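These notes are about the structure you will find just below.
What you see is a predicted model, and the numbers here were worked out from it, not measured in a lab. Sequence lines set the chain letters: A, B, ... in the order given, protein chains first and strands last, and positions in each chain run from 1.
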Amino acid sequence: MVIKAQRGTKDVFGDEIKTWQKIEKNAREVFSKACFEEIKTPVFEATELFSRGVGESSDIVNKEMYTFYPKFDSKETITLRPENTAGVVRAYIEHNMTRQSPPQKFFYFGPMFRYERPQAGRQRQFYQVGIEMFGIKEASADAEVILAAVEFLKSLNLNNLKVEINSLGCPKCKDDYRASIKEVLKPYLNELCDECKVRYIKNPLRILDCKNENCKKILESKEIKEVIYKDYICNECKEHFDALKKYLDELNINYCINKLLVRGLDYYSRTVFEIKSDALGSQNAICGGGRYDGLVEMLGGNPTPAVGFAMGVERLYSIIKKEQPSKIDYFIVSNNTKEALKLAQKLRQKGKIVDFDYQNRKFAKQFEKAAKVAKNAIVLGEDEINQEYYSIKDLNSGLQTRVNSIDDLI
RNA sequence: GCGGGUAUCGUCAAGUGGUUAAGACCUCGGAUUGUGGUUCCGAUAUGCGUGGGUUCGAGUCCCACUACCCGCCCCA
């Protein structure tokens, strides 16, 4: 029986790897320029971190986590991280970073795990790249984070994606809003879909982005719309949101306000945002994030405002222009593998990308290979070795020249 | 967790119950023993996702399972 990759996982190599490397490289460059530092946290954590951090009402915690006893006699379970904000916050608290002068700015890149039914743009092991920024309650931090996301996407030539923003308000606004939504939906309770009936009790805000046609229609009714679109958030939250909008205007970042944008993780407060692509089918969000001012405290740290986002790398990959495989600098054509190996060593030490034939095959075969993979062929046969020169052939033009030392090659 | 579709070489595929499972690309070898990208010749699935069944005979029909894809849900 052949062992195959687990359902919802995949190998990345060959044609795909160049583009993946570009995504990772650009993330490092763009985020470092904005003074975000990379942080690597473990892929597994105590289960409680996620149930407390991500939230008991979220689907992620309820049914999608890889949770297990690390040993058969272990007392506590561990969980493969389904997202990375909770882990970064844990590290932030554990290393007392709250005592450093704010802000603390991090980015990460790594695999996440969710036990879901695989589909286009959705896998069980998937990569996220994201940033987290701690210690700043002002909207300038929200703007900085959204700016970083947009600049990163720009670096990948993804310029025309939709940025949607909304403000959920502070916990108090959220409670008031939740109450008034419940109030106005009460008469319609029986008409909502089964899922939404559950949501009505556990997390009524999520009814707002239900895809069920009937539920959508109910939300269209006048008195409900009034509740949704009235500014329910308090003055302070409103000022915060207005400030963010102003910053985004100044930065020339196109955005639209989506009052229905709620997001499924419990820890968000005030600003939430998503960046979407039309080219992606039903899993159309490539970036999701927002402010989570209460999370650090909820996980046992000092009260610390924070804001961040995560992007799905596989989703980025699927809409990005693919990198062409590039040709190597030199392919050494030789019937003397020892000399070829020595020349390869020298050229590589000079920073060149070099390969050769390891089997002493006929020159015709070696040139065939060289033409496929390299810009230039270096001929290193008996004549060259005996008379101490190199023949170099430009495989594009077919011109062959002689040089006496490898320094002339470079 | 629910609904729909698909499964033949490394890749793309033909095949509609009857010998030995087309073809193309890739790979490898030869024509061409030190010069490639063109051309020509040749090689490569005891096998059709897995396991059963129907039949004289199954890639083709039936059943089950598995995987992948698509939608719902959820989310990045």
Side-chain angles (χ1 to χ4, degrees), chain A residues 1-2 4-10 14-15 54 57-65 81-85 109-130 149 193-196 198-199 203 206 209-213 215 261-265 273-277 280-290 308-319 327 331 333-336 357 359-385 391-400:
Chain A
M1 191 57 190
V2 183
K4 296 201 270 188
Q6 291 295 293
R7 181 170 201 195
T9 69
K10 63 177 296 199
D15 293 343
V54 178
S57 81
S58 70
D59 282 9
I60 292 176
V61 169
N62 277 312
K63 45 191 189 197
E64 295 172 5
M65 295 209 297
R81 61 184 184 193
E83 57 97 55
N84 206 26
T85 298
F109 190 107
M112 309 296 156
F113 307 84
R114 291 181 200 173
Y115 194 88
E116 295 182 272
R117 188 86 167 254
Q119 195 186 313
R122 192 168 82 187
Q123 286 182 268
R124 290 183 174 178
Q125 176 175 167
F126 61 100
Y127 281 73
Q128 282 189 341
V129 54
C193 70
D194 292 348
E195 296 270 355
C196 280
V198 178
R199 289 185 182 124
N203 197 350
R206 296 214 54 81
D209 61 5
C210 182
K211 307 286 192 303
N212 182 295
E213 285 303 324
C215 294
L261 180 61
V262 275
R263 307 199 49 72
L265 282 61
F273 67 96
E274 271 184 17
I275 302 178
K276 292 178 180 170
S277 164
L280 224 46
S282 66
Q283 313 299 326
N284 63 354
I286 54 166
C287 175
F309 69 74
M311 294 193 198
V313 175
E314 286 81 358
R315 290 184 192 178
L316 280 176
Y317 176 85
S318 65
I319 56 170
K327 293 202 163 179
F331 189 93
V333 173
S334 174
N335 51 14
N336 185 326
D357 186 271
Q359 303 171 102
N360 251 330
R361 293 192 299 172
K362 303 196 300 194
F363 271 37
K365 289 291 170 200
Q366 295 195 32
F367 269 100
E368 200 180 318
K369 173 87 172 178
K372 238 170 249 169
V373 303
K375 294 176 201 148
N376 301 290
I378 298 177
V379 188
L380 191 59
E382 279 145 31
D383 294 350
E384 283 86 354
I385 292 167
S391 299
I392 173 164
K393 181 168 184 175
D394 182 322
L395 291 163
N396 218 1
S397 63
L399 290 177
Q400 188 163 322

Looking at the base of [N], is there any donor atom on it, or on the side chain of [X], that sits under 3.5 Å from an acceptor on the other one?
X      : N     : value
A/Q400 : B/U35 : yes
A/K362 : B/U33 : no
A/K369 : B/G36 : no
A/E384 : B/G34 : yes
A/R122 : B/C73 : yes

Within the 4.0 Å heavy-atom criterion, would you say [X] contacts the bases, only the backbone, or no part of the nucleic acid?
X      : result
A/I286 : sugar-phosphate
A/N376 : nothing
A/G130 : nothing
A/A310 : sugar-phosphate
A/G288 : sugar-phosphate
A/G398 : base

Could you tell me which nucleotide pairs with [N] by Watson-Crick or G-U wobble geometry, both distances under 3.5 Å, or answer none if nothing does?
N     : answer
B/G17 : none
B/U44 : none
B/C9  : none
B/A31 : B/U39
B/G3  : B/C70

Should we say atom OH of A/Y317 is surrounded by more than 12 heavy atoms from elsewhere, each under 6.0 Å from it?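 Check passes, neighbour count above 12.
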In chain order, what residues pass the salt bridge (Lys or Arg N to Asp or Glu O under 4.0 Å) check against A/R124, with sequence neighbours excluded?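 Checked A/R124 against salt bridge (Lys or Arg N to Asp or Glu O under 4.0 Å); zero matches.
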Of A/G312 and A/D383, the one whose closest RNA chain B nucleotide lies more 5':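 It is A/D383 whose nearest nucleotide is closer to the 5' end.
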Side chain of [X] (C-beta onward), nearest among [options]:
X      : options             : answer
A/F367 : B/U35, B/G29, B/G34 : B/U35
A/E382 : B/C28, B/G34, B/U35 : B/G34
A/F363 : B/A67, B/U27, B/G34 : B/G34
A/A371 : B/C73, B/G36, B/G3  : B/G36
A/R361 : B/G30, B/C28, B/G36 : B/C28
A/V379 : B/A67, B/U35, B/G37 : B/U35
A/K393 : B/G71, B/G36, B/G29 : B/G36

On a whole-Å scale, what distance lies between the [atom1] atoms belonging to [N] and [M]?
N     : M     : atom1 : value
B/U16 : B/G49 : P     : 16 Å
B/G57 : B/U44 : P     : 30 Å
B/U32 : B/G18 : P     : 46 Å
B/U50 : B/G42 : P     : 31 Å
B/A45 : B/A22 : P     : 10 Å
B/C61 : B/U55 : C1'   : 10 Å
B/A67 : B/G51 : C1'   : 15 Å
B/C26 : B/U35 : P     : 23 Å

Donor-acceptor pair, A/Q366 side chain versus A/R361 backbone, under 3.5 Å?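 Such a contact is found between A/Q366 side chain and A/R361 backbone.
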Hey, does A/E274 have a side-chain heavy atom less than 4.5 Å from the side chain of A/L261?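 SC-SC contact between A/L261 and A/E274 confirmed.
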Is there a side-chain contact between A/V129 and A/Y127, using heavy atoms and a 4.5 Å cut-off?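 A/V129 vs A/Y127: side chains apart.
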Do the side-chain N or O atoms of A/R117 get closer than 4.0 angstrom to the phosphate oxygens (OP1, OP2) of B/C73?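 No, A/R117 has no side-chain N/O under 4.0 Å of OP1/OP2 on B/C73.
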Is the distance from OP1 or OP2 of B/G71 to the nearest side-chain N or O of A/Q119 less than 4.0 Å?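 So the side-chain polar atoms of A/Q119 do come within 4.0 Å of the phosphate oxygens OP1 or OP2 of B/G71, strictly under.
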Could you give the distance from CD1 (A/I286) to CZ (A/F309), rounded to the nearest 0.5 Å?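 Going from CD1 on A/I286 over to CZ on A/F309, the span is 10.0 Å.
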Check the chi torsion on B/G30 and let me know: syn if it falls within 90° of 0, anti if not.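 Judged by the O4'-C1' to base torsion, B/G30 sits in anti, the angle falling more than 90° away from 0.
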